[in-house]
Amino acid sequence: MTLLLDVRAATMRFGGLTAVDNLSFSVEAGSIHGLIGPNGAGKTTSFNLISGFYTPTSGEIIYRGENIAGIGTHRTAAKGLVRTFQHSTLFQEFTLLENAVVGCHLNLRPSLAGAIFGNDRRRRRAARERAEEVLEFFGLAERRHELASELAHGHQRALGMAVAMAANPTLMLLDEPFTGMNPEETKRMMELTFKLRDSGVTILIVEHDMHAIMGLCDRITVMSFGRLLAEGVPQEIRENPKVIEAYLGGGAHAA
Ligand SMILES: Nc1ncnc2c1ncn2[C@@H]1O[C@H](COP(=O)(O)OP(=O)(O)O)[C@@H](O)[C@H]1O
Ligand SMILES: [Mg+2]
């Protein structure tokens, strides 16, 4: 078993509020790992710590053996750690292909890209080829010249994943990818998530849809009030009295 990500005693305070409180958990390479918990539990804040967007008040974020706490999203992306957002961040007036090309450049620092590709033309061609490849992977190739704004909601989400995938991630963070999807779109998105994992991408996913989470994940970490509440395989989580209490008790909304 290889640990790709190891969150060690991460704490994030906003003024007097502790959004993430001494959280430790790890993600095995090649797995689909769920991060769940009631609304306000600290899931999105944890993603912001892992992606380097926030600097933890204390604790470490070990990714491939290196502490990446607070290094910033550009540098984590360059290391293959890429996140998609809860809300779509696509360029609506760009075509699918143009969006995917933008994704290709997310993890390439100009100097490094120059060293690899030699010149701009070769770099552009490589990006274009990669963009075509990821659209094909997500079943969007035929629509590559359509505008992102013309896509149905489910396809927009798939394009969001394609854009993230274009950057060649090792670890992909998905924040609520199934929100607003109908059952058919959810089913297709689950298939795409499995396909992504099978292609070698490790996935950490925050999601409200319990059915999807239970069906997708190898392991699940449960947070409540910023803290680790439980950790285990889906069956263990489903039957854990503390987890059931956290979701049903205290008036918290299931998240
Ligand atoms: N930038 C911020 N400033 C102050 N409080 C925040 C900030 N981000 C999140 N919080 C608070 O931290 C807690 C955890 O929020 P969040 O991580 O968004 O939870 P979740 O994603 O599990 O619903 C909440 O009480 C929220 O109001
Ligand atoms: Mg959230």
Side-chain angles (χ1 to χ4, degrees), residues 5-27 32-61 63 68-74 76 81-90 153 156-157 160-161 164 171-181 185-186 189-190 193 203-214 216-217 219-232 234 237-238 240 242-255:
L5 177 73
D6 195 17
V7 176
R8 296 184 186 164
T11 293
M12 185 72 200
R13 290 198 191 94
F14 298 109
L17 184 128
T18 306
V20 176
D21 190 357
N22 198 30
L23 178 71
S24 296
F25 75 98
S26 50
V27 176
I32 300 178
H33 193 112
L35 183 62
I36 66 170
N39 267 337
K43 305 177 299 293
T44 296
T45 303
S46 299
F47 263 24
N48 284 327
L49 290 174
I50 294 165
S51 68
F53 185 67
Y54 288 154
T55 304
T57 309
S58 61
E60 295 181 327
I61 312 291
Y63 171 70
I68 58 160
I71 68 170
T73 53
H74 280 91
T76 55
L81 198 169
V82 172
R83 70 171 295 181
T84 63
F85 288 85
Q86 207 162 343
H87 302 289
S88 177
T89 50
L90 300 170
H153 180 77
Q156 295 232 1
R157 283 306 180 95
M161 268 167 92
L171 175 63
M172 210 190 264
L173 309 181
L174 305 177
D175 198 353
E176 302 190 9
F178 306 122
T179 299
M181 286 192 169
E185 289 171 333
T186 298
M189 198 65 163
M190 284 176 74
T193 307
I203 293 161
L204 178 60
I205 179 172
V206 165
E207 178 52 50
H208 288 254
D209 184 333
M210 280 304 142
H211 180 73
I213 276 288
M214 294 293 166
L216 273 174
C217 294
R219 285 190 80 75
I220 298 173
T221 297
V222 188
M223 292 181 75
S224 178
F225 297 109
R227 300 198 191 100
L228 178 77
L229 183 73
E231 156 110 37
I237 295 304
R238 198 184 280 124
N240 186 317
K242 283 196 291 184
V243 176
I244 297 167
E245 167 68 21
Y247 275 95
L248 301 180
H253 296 288

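Ligands are counted one by one from 1 in listed order, and the atoms in each one are counted from 1 as well. We're numbering straight along the sequence, starting at 1.
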Identify the heavy atoms of L228 and S24 that sit nearest to each other, and give their distance.
CD2-O, 3.9 Å
Can you tell me how far apart CG (L173) and CD1 (I203) are? Round to the nearest 0.5 Å.
10.5 Å
Any nitrogen or oxygen of S46, main chain or side chain, under 3.5 Å from a nitrogen or oxygen of ligand 1?
no
Could you confirm whether N39 has any N/O/S atom lying under 2.8 Å from the Mg ion (ligand 2)?
no
Taking every non-hydrogen atom, the tightest pair across L49 and T55
CD2-C, 4.1 Å
In terms of atom number and element, which parts of ligand 1 are under 4.0 angstrom from non-hydrogen atoms of N39?
23 (O)
Mind checking whether L17 contacts ligand 1 via backbone (N, CA, C, O), side chain (CB onward), both or neither, at a 4.0 Å heavy-atom cut-off?
side chain
So does R219 have more than 12 non-hydrogen atoms from other groups sitting under 6.0 Å from CZ?
yes
Over all atoms of both residues, closest heavy-atom pair of G42 and S46:
O-OG, 2.8 Å
So, regarding A41 and ligand 1 (criterion: nitrogen or oxygen to nitrogen or oxygen, under 3.5 Å), is there a contact or not?
yes
Mark up the atoms of ligand 1 that fall under 4.0 Å of a heavy atom belonging to Y54, in ascending order.
1 (N)
Examine G40 against ligand 1 and note whether any of their N/O atoms are separated by less than 3.5 Å.
yes
Smallest heavy-atom separation, I36 atom then E207 atom, equals CG2-O, 4.0 Å
Heavy-atom count around H153 NE2 within 6.0 Å, excluding the residue itself: above 12?
yes
Can you list the atoms of ligand 1 that are under 4.0 Å from a heavy atom of T45?
9 (C), 15 (O), 16 (P), 17 (O)
With a 4.0 Å cut-off on heavy atoms, is G42 in contact with ligand 1?
yes
